[in-house]
Structure formats: structure tokens, C-alpha cells
Amino acid sequence: MKQLFIAVSVFALASCCSNQQSADQWTDAEIDQKIEEILPQLSLDEKVALCHAQSKFSTPGVARLGIPELWYSDGPHGVRMEINWDDWGHSHWTNDTATAFPVLTSLAASFNPDLAFEYGNAVAEEALYRGKDVMLGPGVNIYRSPLNGRNFEYMGEDPYLASVMAVPYIKGMQQNGVAACVKHFALNNQETWRTTVDVQVSDRALREIYLPAFEAAVREANVWSVMGSYNLYNGQHCCHNAKLNSILRNEWGFDGCVITDWGGATDTKESAENGLDIEMGTWTNGLTSSTANAYDSYYLAKPYLEAIKKGEIDSKTLDAKVRNILRLMFRTNMAKNIKHGRKGNAEHIQTALNIAREGIVLLKNDNEVLPLDAKTTKKIAVIGENATRSMMGGGSSELKTFHEVSPLEGIKSHFPNAQIVHSMGYASGPEIYGHVLPSRLNADSLQKAALEAVKDVDLVIFVGGLTKAHEQDCEGGDRRSLDLPFGQNELVEKILDVNKNMIFVLVDGNAVTMPWLDKVPAVVEAWYGGCEAGNAIADVLCGDVNPSGKLPYSFPVKLEDNAAHSFASEEVYPGLAAVDAANNHKETYKEDILVGYRWHDTKNIKPLFAFGYGLSYTTFEIQKADVKVASGKVNVKATIANTGKRDGAEVLQVYVGKPDSKVARAVKELKGFKKISIAAGASAEVSVDVPVEKLAFWNEESQKWEVEKGKYVVYVGTSSDNIAHTLEININ
């Protein structure tokens with residue numbers, strides 16, 4: 001055993017002083033062998049200590065054996081700045097900067113899995129440089145309500161799209177020896193009452209809508225850790241939910257660590273027996289005056305230790321957790337060859353720019369007012385607080401970037417010969433977590449200044465949207481309305497009375513209403529585009545980049561057009577007021593499997609903008625499409641022609657429906673897509689394969705996936721409501 005100690009100790013020296021990289025890593029068999037060698041050397045106290053936090057973002061190692069601590073970081077969009085050891089205050093380091101990448105909604109809008117791989121790789125390299133072993137992301141919860149404060153952190157309303165984009169993100173990250181931690185498992189679809197809402201959902205909806213991206217993360221990407229969510233499912237908290245744990249471990253074969261969301265554990269026995277490995281942040285004020293060491297009072301700390309000693313909980317549960325934790329270490333900070341990362345380099349910034357560019361969605365472009373001619377546009381009024389605000393995520397996805405280009409700066413740099421004036425027009429209040437405060441600025445004065453600024457200019461660029469503040473795309477609180485905040489809709493109408501030449505740039509991570517849509521010539525969805533947001537926006541506005549993004553979720557015309565809000569019932573959203581001793585809120589997903597475009601299509605409710613929708617500065621035509629079934633696959637071949645005058649990229653989208661099904665189904669569901677670049681005047685053949693098994697529904701009686709025999713309809717188009725070809729197949 002002496003040889004083992006030497007190997008682990010040498011790791012610590014090598015990780016500080018070496019920068020060698022190698023593909024040679026521990027095999028699974030080697031890891032299992034080493035784990036069994038280490039287990040007998042650990043005391044009961046040391047094993048328990050591995051299962052809970054020692055600080056806000058770390059868990060202990062075992063110093064006498066050379067087993068290192070594990071360090072975690074928030075940030076699916078980049079590595080979060082350092083947080084204090086025992087509270088949520090910023091540590092105010094000077095070297096904890098990071099590249100700010102676009103939010104995951106923007107990544108999903110790119111419909112480009114290759115970019116997802118680059119994204120994960122770049123974040124992991126920065127995590128390594130900052131000494132992080134586990135990155136808390138990606139988020140793959142489904143966009144159920146447009147009010148959810150964390151939708152911007154996720155990948156839209158469709159489980160197939162979220163799956164296809166999450167897998168390469170995870171692979172790109174973990175190839176560097178940094179664990180992805182896919183979150184939040186599961187049914188974490190709102191921030192209102194997020195720790196007490198008890199979700200009631202059918203097995204079909206659970207399996208077909210809310211779990212596929214997690215399953216893909218485990219089965220296809222071999223994700224090394226999973227974060228449990230705050231909410232309950234069928235009366236049991238998700239961080240230690242027996243049914244979810246059985247699906248994760250027994251069905252999918254997950255061999256990594258289940259980690260709580262910070263404060264997500266609520267019970268020692270359930271945590272011990274239902275698959276939870278690491279408990280983080282239960283007492284969110286860290287060390288307190290009420291006890292000597294709050295970390296030792298976690299559910300998986302002294303209470304767990306005492307329960308094992310008393311024989312109330314089997315010690316085998318502890319060994320199972322330690323095996324998972326050691327396996328995570330051998331994949332990360334005890335890997336055979338350690339990479340050491342880099343940050344702030346040109347390649348990472350270019351990746352951030354590429355994602356921001358490809359994620360931008362052109363929603364409207366009447367009379368081809370876009371792209372703009374940078375040479376002839378002389379006077380521009382840029383209106384909006386978002387023109388100068390940070391374009392990064394909020395809440396736990398915050399970070400400190402060393403480089404950022406605002407929309408206003410991007411516009412100025414791309415229109416060097418234009419006279420550009422900026423006026424806020426509207427203002428949000430101070431960003432106080434958990435509170436909504438009014439702005440200290442006078443709204444009437446801001447409006448008057450904006451109306452004065454738009455007089456006698458060639459063009460108005462209104463940079464509006466949401467702000468990432470509490471109740472505006474932020475962790476900890478859902479939005480209160482689908483409308484734009486701070487009087488923006490009213491301001492847009494007043495500006496149009498003065499100057500009709502307006503382009504609206506929408507910065508957000510959620511759908512919004514647009515009562516002025518028929519009056520504004522052009523609308524661009526830019527998301528929170530990260531450190532290069534300003535350049536990406538300006539690149540699209542002036543035509544240096546032809547937009548190719550597609551919406552990863554539907555924009556309803558009004559809130560009640562969304563499935564979760566159509567019932568006008570608190571039971572469906574945000575949950576009924578507490579009726580039990582635990583003060584939990586019961587919420588029933590009555591829309592079942594009909595989420596997003598599934599609801600719009602099946603109920604024949606026209607959206608403001610459909611899932612998968614996005615315009616280009618050129619035009620495309622799907623000239624022909626054919627389908628055949630062979631070797632367990634549905635193969636769709638389509639010819640797409642670029643019929644315009646610019647090179648561009650289009651996303652072929654393949655949807656499948658099952659008429660006359662024995663169970664209720666959506667009219668159609670996305671089952672495949674492919675993004676392809678085509679030169680002006682050229683055409684290309686695109687091929688998309690759909691495994692027949694992906695046509696299955698979850699049979700609630702047999703508790704198995706079932707593919708029905710018979711006729712299926714294959715829809716080939718460029719959005720859920722723009723279908724060019726409808727084909728039929730038979731599955732025998």
C-alpha cells in the first residue's frame with residue numbers, strides 16, 4: 001500500500017509544477033481496484049467527512065493519505081468569482097476573472113452541437129486554471145413556463161434539442177478532467193417556492209419531456225456528477241428521491257456522484273438510502289453562532305455518523321457513497337495525467353463570439369431593412385438601459401469578466417462614421433437579491449430624454465428586454481408578467497410616433513409580449529451574449545454575419561397561450577398553498593406531455609414566434625424531401641437551396657407524429673435536425689437519421705418504452721410551424 005500513497009502524493013506536486021498532457025488515463029478497472037485499496041484505510045469519520053461540505057464550495061479530502069479536496073464552481077456560462085469560505089459574499093480576489101460565455105439559451109438557439117463541444121471545452125480549461133474540479137452545469141431543465149427565472153440557464157422547451165446540445169458540452173468539458181454536473185435533477189421548472197413545490201406529473205411526461213436530457217447526459221456523455229434539485233416529486237425531495245435515484249442508478253447505470261443543490265438535503269435517512277453522495281450548503285450562512293461547526297451538523301455529517309453507529313442506517317450506504325466520490329476524484333483531481341488549463345486567451349473569446357453570433361435569432365425583417373449599411377447610416381440613436389448593461393447571466397451564473405463589449409460599444413465600433421447618441425429611456429432598480437426596488441432615476445425624465453434623442457436621426461436601435469435582476473431572469477424569483485418591464489412597451493410606442501425607423505434588439509432569456517410588433521420593421525433576439533455580445537449584435541446588424549439562430553422555445557402571444565398558464569389555476573402554476581405539515585405546495589402538471597410547441601400545435605394556438613423559427617438575410621427552399629425506413633432507422637434526405645444573394649446557414653428540422661395512436665400524443669415532435677451552410681445560389685443535400693426507438697412513447701401500464709406499429713407522419717421544415725414537406729412511413 002505504500003506505493004499507493006506515493007502515487008497520490010506525487011499527484012499534488014505534479015499538479016502544481018507540470019503542464020504535461022496525455023490521453024493516458026485510469027481505466028475503469030484500475031479506478032475500481034484503487035478504490036477498493038483505499039476504502040479499508042479510511043476511518044468511519046473520514047468516510048463521513050467526504051460526504052459533506054467543509055466550505056461554501058469545497059468538500060474535504062483525507063490529508064494523511066494525500067487525497068485532495070474537491071473544489072466546485074458555479075457557472076454553466078463561465079467560472080464564477082470566488083465566494084467567501086462561510087457566506088455568500090464575494091471574496092474580492094483580483095485574479096478570479098473568467099471569460100463570460102453566452103447563456104445556454106443562446107447556445108441552444110445556435111442548433112450547433114459542435115459549438116456546444118467548444119463551449120464545454122473552453123469553460124473546463126478556465127476551470128482548471130482556477131483550480132476547480134467540478135463545474136455546476138449544464139442546466140437542462142425544460143422551459144415549461146416563460147415566467148421561470150432561470151430559463152436563460154437552460155436549453156429550451158424541447159427534450160431532444162436539450163439532449164443533443166448537452167451531450168457535446170459535457171464531453172468537451174470532461175475531456176479536460178473537469179466534471180460536469182448536469183442539473184437540476186429533476187422537474188425544477190420554476191423559482192417560485194422552489195424548495196417546497198411538490199410536483200405531481202404523469203410517468204409519461206416525466207419520461208418523455210423532463211428526463212430525456214438527463215438520460216442522454218448519463219448514457220451518451222457519461223456525465224460524472226448530477227445535481228439534485230430543490231423541489232419535491234411525489235412527496236419526496238429530489239436530492240434524495242427513491243424513484244429518481246432508481247431510474248438514475250439502476251436503469252441508466254450512473255456511476256458518478258449525486259450532489260445536492262446548495263441546501264437541497266432535508267433528511268438524513270433518505271439522503272443515506274436514496275443515492276445522495278455529497279451534501280452542499282444546507283446551512284447557507286456557513287459557520288453560525290448557534291453551533292461550533294455547522295458543516296458537521298449537515299444531514300450527511302454527524303447525524304449520519306451517529307445513525308450508522310447506532311445501527312439505524314447500514315454502513316454499506318456510506319461505502320457506496322465513498323466509492324462514488326473516490327471515482328469522481330480519480331476522474332478529476334487524482335487523474336493519471338492532469339491538465340492545467342488557461343483563461344482569457346484569444347481562442348476562448350473567439351468561442352464566446354462564435355456562440356453569440358450563431359445564437360442570435362432574426363425575428364422580423366420587413367422590407368429587408370437589415371442588414372444596415374455602415375457607410376450610409378449617419379445618425380443613430382441607441383435607446384435602452386440594456387445597451388450598456390452587462391450581458392452575462394444573473395444569480396449563481398454571475399461571474400467577473402476581464403473583457404466585455406457592450407451593445408453600445410459594439411455598435412459604435414461597427415459604425416465609425418456615424419453620429420451615435422445613447423439615451424437610457426428606461427431604468428431598472430438596484431439589484432438587491434430577493435427584493436425589487438424602484439429605480440432612483442425619474443421615469444418621465446428618461447422618456448423625455450429618449451424622445452428628444454430620436455428626433456432627426458436616420459435610425460433608432462432600441463436595446464431592450466429583461467435585466468437579470470430579481471424577477472427579471474434571475475435565480476430565486478420568477479417573473480411577475482410576460483410583458484417587458486420598466487415601461488418599455490409604452491416607450492416604444494411613443495418613440496414610433498416620433499421616428500418609425502426602429503430596430504428592436506431584445507436581450508433576455510425568456511419570451512416576452514410585443515404589442516408593437518406590427519409597427520417595428522425589424523426585431524433581433526440577442527439573448528445575454530456574454531463578453532462579446534456587443535460585437536456579435538453589431539456583426540449581425542451590419543451584415544458581417546448572416547443570422548442563423550433558431551428559437552429554442554415558443555413565444556406565446558399572451559401568457560394564457562402557454563400550456564402551464566392556460567388552466568388559470570394555482571394548482572398548475574405555481575402550486576397550491578401549503579396544505580400539509582411540511583408546508584409544501586402541491587403542483588400538478590395538467591398539460592402533461594403538451595409542453596411548448598406540442599401544446600401550440602395540438603391545440604391549434606398560433607404563437608407569436610414558433611419553436612425553431614429564425615430568419616436569415618438570404619432565403620432558403622427545401623426543394624424536395626424523401627424518407628425511408630431501414631436498419632432500425634428513419635432516414636430523411638432533403639435538398640435545400642439557397643435562393644438568395646448571400647451565403648447563409650439553415651437548420652433542417654425533422655418532426656414526427658403518430659396519427660391514430662392508442663395514447664394521446666402531440667401532433668408532432670422534433671426527432672432530428674441538422675444545420676448546414678450553403679453558398680448563395682447553391683444547394684445541398686441534407687441527411688438526418690432518426691432511430692426507430694426514438695419514436696417510442698412511455699407505456700404507463702408496462703412501465704416500458706413502446707414503439708407502436710403502423711403509420712407515422714414525418715414533417716420536414718425549418719420551424720415547428722413552417723413545414724415544407726409532409727411524408728408518411730410505416731413501422732412494422
Side-chain angles (χ1 to χ4, degrees), residues 15 19-25 71-80 97-140 153-155 162-183 213 216-218 220-225 256 328 331-333 335-359 392-393 397 399 401-403 529-532 536 675:
S15 65
N19 198 34
Q20 295 180 355
Q21 299 182 4
S22 171
D24 181 28
Q25 294 295 348
W71 282 88
Y72 311 76
S73 177
D74 272 322
H77 312 130
V79 187
R80 191 180 190 181
T97 55
T99 302
F101 295 91
V103 295
L104 292 188
T105 306
S106 175
L107 175 65
S110 75
F111 276 66
N112 187 341
D114 292 337
L115 278 182
F117 184 88
E118 292 180 33
Y119 196 135
N121 177 72
V123 172
E125 288 187 340
E126 302 218 346
L128 284 170
Y129 190 85
R130 291 271 303 277
K132 309 303 180 186
D133 306 305
V134 181
M135 286 300 297
L136 306 177
V140 297
E153 295 185 47
Y154 304 142
M155 298 191 189
S163 300
V164 171
M165 299 302 290
V167 166
Y169 179 106
I170 294 166
K171 288 182 176 179
M173 178 168 286
Q174 293 186 168
Q175 72 168 355
N176 291 282
V178 175
C181 186
V182 66
K183 63 183 187 183
V218 173
E220 299 176 37
N222 188 31
V223 71
W224 294 341
S225 62
L328 177 62
R331 288 167 167 171
T332 58
N333 60 12
K336 188 180 294 186
N337 290 284
I338 306 295
K339 297 182 179 182
H340 301 286
R342 53 187 181 150
K343 72 168 187 177
N345 50 301
E347 292 89 345
H348 291 177
I349 294 173
Q350 185 65 47
T351 293
L353 176 60
N354 291 344
I355 296 165
R357 284 169 167 170
E358 283 207 40
M392 295 176 284
S397 66
L399 54 83
T401 188
F402 51 86
H403 162 82
C531 64
E532 283 288 317
K675 189 170 195 174

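Between the CG atom of Asp114 and the CD atom of Glu358 there is a distance of 9.0 Å, given to the nearest 0.5 Å. The line from SG of Cys531 to CZ of Phe402 is 6.5 Å long, rounded to the nearest 0.5 Å. Annotation: the span from Asn345 atom CG to Glu126 atom CD amounts to 6.5 Å, rounded to 0.5 Å. Taken from CD in Glu347 to CZ in Arg342, the straight-line distance is 4.5 Å, to the nearest 0.5 Å. Between Thr99 atom OG1 and Gln350 atom CD the span is 12.0 Å, to the nearest 0.5 Å. Note that CG of Leu136 is 9.0 Å distant from OH of Tyr72, once rounded to the nearest 0.5 Å.
A donor-acceptor contact under 3.5 angstrom links the side chains of Glu532 and His403, judged on distance only.
When atom types are taken as modelled, the side chain of Thr401 and the backbone of Ala98 share a donor-acceptor pair closer than 3.5 angstrom. Of the possible polar contacts, one joining the Asp133 side chain to the Trp71 backbone as a donor-acceptor pair under 3.5 Å is found. Checked by atom type and distance alone, the side chain of Arg130 never pairs as donor or acceptor with a backbone atom of Gly341 at under 3.5 Å. The closest donor-acceptor contact from the side chain of His77 to the backbone of Leu104 lies under 3.5 Å. Tyr169 contributes no side-chain N or O that, together with a main-chain N or O of Ala180, makes up a donor-acceptor pair within less than 3.5 Å. Proximity of a side-chain donor or acceptor of Gln25 to a complementary backbone N or O of Gly177 within less than 3.5 Å is not detected. Under a 3.5 Å cut-off, the side chain of Lys132 and the backbone N or O of Val178 do not form any donor-acceptor pair.
Minimum interatomic distance between Ala216 and Val167 (heavy atoms only, all atoms of both residues): O-CG2, 3.6 Å. For Gly78 against Leu399, the heavy-atom pair with the smallest separation is CA-CD2, 3.5 Å. In this structure, Pro138 and Ile170 approach most closely via the heavy-atom pair CD-CG1, 3.8 Å. Residues Ala116 and Pro168 approach most closely at CB-CG, 3.7 Å, considering heavy atoms. Pairing each heavy atom of Asn222 with each of Gln174, the nearest pair is O-NE2, 3.1 Å. Heavy atoms only, all atoms of each residue included: Pro102 and Ala356 are closest at CG-N, 3.6 Å.
Within the 4.5 Å cutoff, no side-chain heavy atoms of Ile355 are placed close to those of Ser110. Two residues are said to be in side-chain contact when any heavy atoms from C-beta on lie closer than 4.5 Å; Met135 and Cys181 fail this criterion. Side chains of Glu153 and Lys183 form a contact here, defined as non-hydrogen atoms less than 4.5 Å apart. You'll find the side chain of Leu328 reaches within 4.5 Å of the side chain of Val134, heavy atoms only.
Considering Ile349, Asn112, Leu115 in turn, Leu115 is the only one that fulfils the side chain to side chain contact (heavy atoms under 4.5 Å, CB included) rule with Asn354.
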